[in-house]
There are 2 protein chains.
Amino acid sequence: MIEMGETEAEPHQLGGMPAPDQQVENFRHTRRARRTEIAEDYVELIADLIDSGGEARAVDIARRLGVSHATVIKTVGRLQRDGLVVTKPYRAIFLTDEGRRIAIWSRQRHELVVKFLLAIGVSKEVAYADAEGIEHHVSAETLAAFERVVGEINGRRSASGH
Amino acid sequence: MIEMGETEAEPHQLGGMPAPDQQVENFRHTRRARRTEIAEDYVELIADLIDSGGEARAVDIARRLGVSHATVIKTVGRLQRDGLVVTKPYRAIFLTDEGRRIAIWSRQRHELVVKFLLAIGVSKEVAYADAEGIEHHVSAETLAAFERVVGEINGRRSASGH
DNA sequence: TGGAGGATGTAGCCAAGGCTACATTTGAGA
DNA sequence: TCTCAAATGTAGCCTTGGCTACATCCTCCA
Ligand SMILES: [Mn+2]
Ligand SMILES: [Mn+2]
Ligand SMILES: [Mn+2]
Ligand SMILES: [Mn+2]
């Protein structure tokens, strides 16, 4: 067999991966998303607690997240520093306009991800579990695709006599 | 209007969210997944570098990930401690059996997530970008659902005269 | 109107995952 | 063979997000 250059180990994915410099951008993008995950979960949860119980207390957040109250208080401090919540010592936690904006957006995205997973046949338990992590990495374009698929599946289902 | 108990702010999602204690489990599950994301990206990338260039060097990993080489070296130390790679000072990095197992699994999962996003109409650039984060939160069940959908869409496409 | 107990705050610890700056080693080519 | 540039390693810094232990505050009820 004749020398063919540097291809000796069968690259295994021919049209697969993106170019190296595009991959760098993807990794950077994902690291950026990672840094906002916790903030998104917090503001979404705070909004839920306010909507259902009138106020969001550190102890409630801690119980829902399954972390210690000390962790919650420190994290809420960071959220306040970053302008997403306001709170005064020994008082409940409220969302700023910015925090509420993010909460509403996160909630819609989260719900759509769940709806989507359910639509493609994932069980309720797994859909909830996976959505909790997936949601933070779904761009607007992918979310739109999810919505399209949900529409198609529900359309097809009702067209064939529910 | 008569007192109706604690429902005054319209709970907004009736059958939406899971029960609080199920939600705790979901958050715990997601935190657990978060702790393995970086290891998965590293072993997958190391496998790619070995397959395409014969060896994986810290500087190559650093360039692909867009982080400093010092970060890579420290992380590789953790991977070695955890039994996923082996390396000797000033030498290249190799996968253990366990590391290779995880790399192969991660690569398959990653590729399927990309294929899935492309199948539902997401652009190539966004599919690659989103998949880099989504992959780590996709359970086996959800992955199976993805595979089903890819099969259906490809089937439908070829049925209607490609 | 006290307390007691629950909620909140504080201190200090840890590991992960980033970084820069500097030191050391390697190996390819002149 | 020797040198020097590139690769690797090390030190030390930072932030985040966990934890436990303990201190303080608030509030509700006896
Ligand atoms: Mn969410
Ligand atoms: Mn989440
Ligand atoms: Mn991957
Ligand atoms: Mn990834």
Side-chain angles (χ1 to χ4, degrees), chain A residues 24-46 49-50 53-94 132-133 136, chain B residues 24-46 49-50 53-94 132-133 136:
Chain A
V24 171
E25 271 322 296
N26 295 343
F27 279 123
R28 275 195 225 282
H29 176 262
T30 300
R31 283 198 297 275
R32 201 166 7 219
R34 238 168 240 162
R35 287 211 321 270
T36 63
E37 286 181 45
I38 294 210
E40 289 168 352
D41 283 340
Y42 268 75
V43 295
E44 188 187 341
L45 179 51
I46 289 167
L49 290 169
I50 289 174
E55 66 175 7
R57 299 182 309 163
V59 68
D60 299 322
I61 299 173
R63 271 197 277 261
R64 291 283 199 104
L65 292 178
V67 299
S68 75
H69 84 277
T71 294
V72 169
I73 284 170
K74 217 199 294 189
T75 304
V76 166
R78 279 193 293 268
L79 296 180
Q80 183 159 33
R81 178 201 63 191
D82 297 340
L84 302 186
V85 307
V86 281
T87 178
K88 285 187 289 191
Y90 297 101
R91 295 292 163 220
I93 299 148
F94 300 96
E132 194 56 74
H136 308 285
Chain B
V24 171
E25 272 322 296
N26 294 343
F27 280 123
R28 276 195 225 281
H29 175 263
T30 299
R31 284 198 297 274
R32 201 167 323 131
R34 239 169 240 161
R35 288 209 320 269
T36 63
E37 286 182 45
I38 294 210
E40 289 168 352
D41 283 340
Y42 268 75
V43 295
E44 189 187 342
L45 179 52
I46 289 166
L49 290 170
I50 289 174
E55 66 175 8
R57 299 182 310 163
V59 68
D60 299 321
I61 299 173
R63 270 197 278 262
R64 292 284 199 104
L65 292 177
V67 298
S68 75
H69 85 276
T71 294
V72 169
I73 284 170
K74 217 199 296 190
T75 303
V76 166
R78 279 192 293 268
L79 296 180
Q80 184 160 34
R81 180 201 61 191
D82 296 341
L84 302 186
V85 307
V86 282
T87 178
K88 285 188 289 192
Y90 297 99
R91 295 292 164 216
I93 299 147
F94 299 96
E132 193 55 73
H136 308 284

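To find a chain, count down the sequence lines: A is the first, B the second, and so on, and within it residues start at 1.
One interatomic measurement links the two molecules: CD of Gln80(B) to C1' of dT8(D), which rounds to 14 Å at whole-angstrom precision. The distance between atom CZ of Arg57(A) and atom P of dC26(D), rounded to the nearest whole Å, is 15 Å. The CD1 atom of Ile73(B) sits 11 Å away from the P atom of dA7(D) (whole-angstrom rounding). Residue Asp60(B) contributes atom CG, which lies 12 Å from atom C1' of dT8(D) at whole-angstrom precision. Atom OH of Tyr90(B) is separated from atom C1' of dT8(D) by 5 Å (rounded to the nearest Å). Whole-Å rounding puts the Glu37(B) CD to dT16(D) P distance at 18 Å.
When the side-chain nitrogen and oxygen atoms of Arg91(B) are compared with OP1 and OP2 of dG27(C), one or more of them lie within a distance under 4.0 Å. Between Arg63(B) and dA7(D), a side-chain N or O to OP1/OP2 separation shorter than 4.0 Å is present. Note on Arg32(B): every side-chain N or O is 4.0 Å or more away from OP1 and OP2 of dG18(D).
Using a cutoff of 4.0 Å between basic side-chain nitrogens and carboxylate oxygens, Arg35(B) and Asp82(B) are not scored as salt-bridged.
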### Task
Classify every nucleotide of nucleotides 12-21 of chain C by which part a protein heavy atom approaches to under 4.0 Å, writing B for the base, S for the sugar-phosphate alone and - for neither, in 5'-to-3' order.
BB--SBBBB-
#### Entry: Test side chain to side chain contact (heavy atoms under 4.5 Å, CB included) applied to Gln80(B) and Val86(B), step by step
CA-CA 6 Å; Gln80(B) 184 160 34; Val86(B) 282; 4.2 Å; yes
### Task
Give the intermediate values and the outcome of side chain to side chain contact (heavy atoms under 4.5 Å, CB included) for residues Arg57(B) and Arg63(B).
CA-CA 10 Å; Arg57(B) 299 182 310 163; Arg63(B) 270 197 278 262; 4.2 Å; yes
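Donor-acceptor pairing under 3.5 Å is recorded for the side chains of His136(B) and Glu40(B).
Listed for the Arg31(B) side chain is a donor-acceptor partner under 3.5 Å among the backbone atoms of Leu65(A). Checking side-chain atoms of Arg64(A) against main-chain N and O of Leu49(A) turns up no donor-acceptor pair under 3.5 Å.
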